[in-house]
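Working notes, structure below.
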Amino acid sequence: MAATSVLIVEDEEALATLLEYNLSTEKFDVTVASDGEEALLRIEENTPDVVILDWMLPKVSGIEVCRRLRSKPETRNIPIIMLTARSEEADRVRGLEMGADDYLTKPFSTAELIARVRAVLRRIRPGLVDDSVSVGEIEIDRVSHRVKRSGKEIHLGPTEFRLLDHLIQHPGRVFSREQLLNAVWGSDVFVEVRTVDVHIGRLRKALNKHKQGDPIRTVRSAGYALDAEA
Ligand code: CA
């Protein structure tokens with residue numbers, strides 16, 4: 001199973017480095033952006049599993065980054081933990097109103113941050129931290145690499161398994177072909193975008209073998225999503 005990816009958006013270099021080091025030690029796949037504009041670019045390239053977002057940032061503020069992520073279907077469900085140097089209640093409320101899932105007031109311990117990251121993931125995407133996960137009628141077991149739909153075994157190739165594993169972590173969320181390529185094949189591999197369609201086709205065929213009702217939704221000119229209700 002791929003490591004959980006975390007994007008740290010923090011302009012204080014010392015703090016960013018400290019967080020990067022500690023999260024990497026905990027086996028997270030960490031990327032750092034030092035301002036809001038860079039953060040939005042990084043997220044567009046590769047959607048992280050969690051964003052740790054500083055409030056006060058150069059170019060585009062943390063609150064604006066949060067607002068923009070929440071306004072787009074592709075990024076609406078990314079868990080966001082806001083970091084703030086301010087302790088005023090009004091700012092916390094504003095951060096949460098803008099769609100942050102949690103916040104931490106500086107200074108905080110890295111152990112506390114890691115605990116919050118795990119808590120947010122467990123709450124929002126149980127699929128990221130468990131060996132088995134189910135969405136609707138579909139269940140996958142990451143240890144034995146088995147997939148079932150309505151209790152019936154489904155046989156998938158390794159690529160289809162990884163595709164399903166990725167989609168199942170974010171039910172209902174639409175992924176572009178490029179995002180699926182990066183997540184399943186990796187960003188350093190040259191694969192044609194159309195390859196995604198081929199493997200989605202195989203995955204769909206396998207999932208629908210015993211049962212009608214397609215759980216994979218094709219969104220025209222956007223991409224694919226896995227829905228809980230077929
Ligand atoms: Ca800052």
Side-chain angles (χ1 to χ4, degrees), residues 2-126 128-129 169-170 173-176 178-179 182-183 186-188:
T4 303
S5 57
V6 179
L7 174 67
I8 299 168
V9 192
E10 173 58 75
D11 58 316
E12 285 167 51
E13 219 181 307
L15 180 58
T17 306
L18 178 75
L19 297 181
E20 184 182 18
Y21 174 78
N22 283 282
L23 284 160
S24 302
T25 307
E26 294 292 318
K27 307 277 180 257
F28 289 100
D29 179 5
V30 187
T31 312
V32 177
S34 55
D35 62 63
E37 201 176 277
E38 191 189 348
L40 290 166
L41 283 172
R42 296 246 179 227
I43 292 165
E44 206 174 288
E45 279 167 11
N46 220 333
T47 315
D49 294 313
V50 187
V51 178
I52 296 169
L53 184 62
D54 188 29
W55 176 289
M56 299 289 277
L57 288 170
K59 295 184 186 172
V60 181
S61 73
I63 206 82
E64 178 60 17
V65 170
C66 192
R67 197 191 62 75
R68 289 200 207 168
L69 294 181
R70 290 300 181 244
S71 68
K72 291 205 297 188
E74 305 84 23
T75 54
R76 185 169 292 152
N77 300 321
I78 302 176
I80 298 172
I81 299 175
M82 295 233 26
L83 304 181
T84 169
R86 315 165 177 198
S87 54
E88 288 90 352
E89 192 61 26
D91 290 335
R92 294 181 188 181
V93 170
R94 222 177 119 213
L96 293 171
E97 270 175 1
M98 280 295 171
D101 297 284
D102 202 352
Y103 65 87
L104 273 172
T105 306
K106 294 176 186 176
F108 52 83
S109 71
T110 47
E112 176 66 17
L113 176 70
I114 289 165
R116 297 287 187 97
V117 169
R118 294 225 158 94
V120 156
L121 284 172
R122 207 166 290 127
R123 194 167 73 233
I124 298 172
R125 299 205 199 140
L128 278 174
V129 284
Q169 288 168 26
H170 325 265
R173 186 162 129 203
V174 180
F175 289 96
S176 69
E178 288 80 7
Q179 286 174 327
N182 284 340
S187 52
D188 50 351

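Every number for a ligand or one of its atoms is a count from 1 in the order of the listing. Positions are given from 1, in the same order as the sequence printed here.
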Any N/O/S atom of Glu10 sitting less than 3.0 Å from the Ca ion (ligand 1), backbone or side chain?
-> no

When rounded to the nearest 0.5 angstrom, what is the spacing between CD1 in Ile80 and CZ in Arg70?
-> 3.5 Å

Does CD belonging to Glu112 count more than 12 external heavy atoms closer than 6.0 Å?
-> yes

Indicate yes or no: at least one non-hydrogen side-chain atom of Ile8 is less than 4.5 angstrom from one of Glu20.
-> yes

For the Ca ion (ligand 1): the N/O/S atom of Asp11 at shortest distance = OD1

Looking at the Ca ion (ligand 1), is one of the N, O or S atoms of Glu12 less than 3.0 Å from it?
-> no

Among the N/O/S atoms of Asp54, the Ca ion (ligand 1) lies closest to OD2

In this structure, are over 12 heavy atoms from other groups packed under 6.0 Å from Phe108 atom CZ?
-> yes

